[in-house]
Amino acid sequence: NTDGTVSYMTKDEARAAGIIVSNAETVMNNAATYIGKTEGELGYSGTAWCGYFIGRIGRESGISEDVLPSYGLADDYRIFYINEKRWHDRSKDYVPQKGDVILFDGLTSSGTNGFADHVGFVDYVDSDGYIHTIEGNMHVDGNWICSTGTYDPSSDKIMGYGHPDY
């Protein structure tokens, strides 16, 4: 938008408007519709659900589990994308893309241990290089919700990125 805000439309709204959307755009448009929803509203009460959110959005976007799987453990995403040769370490010169899966170590736990403890989607990278995300299971104002995040690309909390073969 011209006022600097970002607005989203569903895949069906985009198609009705004559806009051709990529699968990554479809995934991110669908994920954005969940921003602000609580774990109870999404049926995830009492469980860590950031990974399940990734898979849910994939299925709702028509993406195969071979491309965007559904795992309960965030680190399983890292292993999957390493095995698929679609993994990019944070320390490399890779610029994350819309729809990439971003993995964190130490974001939701104390300290880093070499295992991903949280996962989300990359929405975009701004002109200053900061990474903007949409993530499930974020603790905001005492609630576990779907929310957005902004990260410095050099943060040691970022392990790296899985790049789905959309």
Side-chain angles (χ1 to χ4, degrees), residues 6 8 10 23-91 94 96-125 130-166:
V6 178
Y8 298 91
T10 67
N23 285 333
E25 289 172 7
T26 299
V27 165
M28 295 315 300
N29 285 341
N30 285 343
T33 66
Y34 286 92
I35 293 171
K37 302 246 186 239
T38 67
E39 65 180 352
E41 291 173 294
L42 298 172
Y44 294 126
S45 295
T47 187
W49 53 274
C50 59
Y52 293 124
F53 178 72
I54 300 292
R56 176 182 192 152
I57 297 302
R59 299 307 74 72
E60 290 179 2
S61 302
I63 307 298
S64 165
E65 283 216 22
D66 294 336
V67 174
L68 197 59
S70 182
Y71 295 121
L73 296 175
D75 202 57
D76 287 343
Y77 284 94
R78 183 180 63 86
I79 293 165
F80 172 81
Y81 287 112
I82 288 170
N83 290 338
E84 294 293 310
K85 298 184 179 18
R86 301 192 68 76
W87 174 253
H88 302 276
D89 287 324
R90 172 189 55 84
S91 59
Y94 180 73
Q97 307 296 304
K98 178 182 284 291
D100 278 0
V101 175
I102 184 171
L103 287 119
F104 302 92
D105 181 6
L107 189 67
T108 61
S109 61
S110 57
T112 59
N113 61 12
F115 296 95
D117 60 20
H118 187 66
V119 60
F121 285 114
V122 172
D123 192 14
Y124 65 97
V125 177
Y130 282 82
I131 301 158
H132 297 261
T133 63
I134 298 176
E135 305 165 50
N137 207 27
M138 302 225 10
H139 198 248
V140 178
D141 297 329
N143 294 302
W144 293 98
I145 67 171
C146 178
S147 188
T148 59
T150 303
Y151 302 94
D152 183 321
S154 65
S155 169
D156 64 356
K157 303 281 188 196
I158 298 173
M159 294 185 81
Y161 313 92
H163 182 68
D165 187 15
Y166 293 121

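Worth saying up front: this structure is predicted, and the values here are computed from it rather than measured. The analysis underlying the following values was restricted to heavy atoms, covering all of them including side chains, and did not include hydrogens, waters or symmetry mates.
Between Tyr44 and Arg56 there is a side-chain heavy-atom pair separated by less than 4.5 Å. Looking at heavy atoms from C-beta onward, Asp123 lies in side-chain contact with Lys98 at the 4.5 angstrom threshold. In this structure the side chain of Asn137 never reaches within 4.5 angstrom of the side chain of Ile145, judged on heavy atoms. No side-chain heavy atom of Ser61 sits under 4.5 Å from any side-chain heavy atom of Asn23. Residues Glu84 and His163 form no side-chain contact, since every pair of their non-hydrogen atoms from C-beta on lies 4.5 Å or further apart. When side chains are defined from C-beta on, Val119 does not count as touching Ile102, because their heavy atoms never get closer than 4.5 Å. Side-chain atoms of Glu135 and Phe104, non-hydrogen and from C-beta on, do get closer than 4.5 Å to each other. For the pair Val27/Ile63, a side-chain contact is recorded, criterion being any heavy-atom separation below 4.5 Å from C-beta on.
A distance-only check finds a donor-acceptor pair linking the side chain of Ser64 to the backbone of Asp66 [under 3.5 Å]. With Tyr77 contributing its side chain and Pro69 its backbone, the two residues share a donor-acceptor pair below 3.5 Å. Thr133 contributes a side-chain N or O that, together with a main-chain N or O of Gly149, makes up a donor-acceptor pair within less than 3.5 Å. Between the Asp117 side chain and the Gly106 main chain, a donor and an acceptor come within less than 3.5 Å of each other. Side-chain atoms of Arg90 come within 3.5 Å of backbone N or O of Ser155 as a donor-acceptor pair. Between the Tyr151 side chain and the Tyr130 main chain, no donor and acceptor come within less than 3.5 Å of each other. Looking at Asp105, its side chain does come within 3.5 Å of a backbone N or O of Gly114 through a donor-acceptor pair. Although no hydrogens or angles enter the test, the distance criterion places a donor-acceptor pair under 3.5 Å between the side chain of Thr33 and the main chain of Asn30. Checked by atom type and distance alone, the side chain of Arg59 pairs as donor or acceptor with a backbone atom of Gly55 at under 3.5 Å.
Between Phe121 and Phe53, the angle of the ring planes goes over 60°, which puts this pair in the perpendicular group of the 30/60° scheme.
In the model, Asp100 has no side-chain atom that pairs as donor or acceptor with a side-chain atom of Tyr166 under 3.5 Å.
Heavy atoms only, all atoms of each residue included: Gly99 and Ala24 are closest at CA-CB, 4.3 Å. Scanning all heavy atoms of the two residues, the minimum distance from Cys50 to Gly136 falls at CB-O, 3.4 Å. Closest approach of Tyr52 to Ser70, counting heavy atoms only: CD2-OG, 4.0 Å. Closest approach of Cys146 and Ile134 over heavy atoms only: SG-CG2, 3.9 Å. When all heavy atoms are compared, the tightest approach of Pro96 to Val125 is O-CG2, 3.5 Å. Taking each heavy atom of Ala116 and Ala74 in turn, the nearest pair found is O-CB, 3.8 Å.
Distance OG1/Thr150 to NE2/His132: 4.5 Å, rounded to 0.5 Å. In this structure, Ile35 CD1 and Met138 CE are separated by 10.5 Å, a value rounded to the nearest 0.5 Å. With rounding to the nearest 0.5 Å, the separation of CG in Leu68 from CG in Asp165 is 11.5 Å. Expressed to the nearest 0.5 Å, how far CE of Met159 lies from NE2 of His118 amounts to 13.5 Å. From Asp89, atom CG reaches atom CD1 of Ile158 across 12.0 Å, with rounding to the nearest 0.5 Å. For the atom pair CD1 of Ile54 and CG of Asp76, the computed distance is 13.0 Å after rounding to the nearest 0.5 Å.
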Check the pair Arg86 / Phe80 against side chain to side chain contact (heavy atoms under 4.5 Å, CB included), numbers first and verdict last. CA-CA 9 Å; Arg86 301 192 68 76; Phe80 172 81; over 6 Å; no
Working note: Tyr34 + Glu60, criterion side-chain hydrogen bond (donor to acceptor under 3.5 Å, both in side chains); need CA distance, chi angles, decisive distance, verdict. CA-CA 12 Å; Tyr34 286 92; Glu60 290 179 2; 2.6 Å; yes
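Taking a 6.0 Å sphere around CZ of Phe115, one finds it holds 12 or fewer heavy atoms contributed by other residues, nucleotides or ligands.
Here His88 and Tyr161 keep their ring centres 6.0 angstrom or further from each other. Tyr81 has its ring centre no less than 6.0 Å from the ring centre of Trp87.
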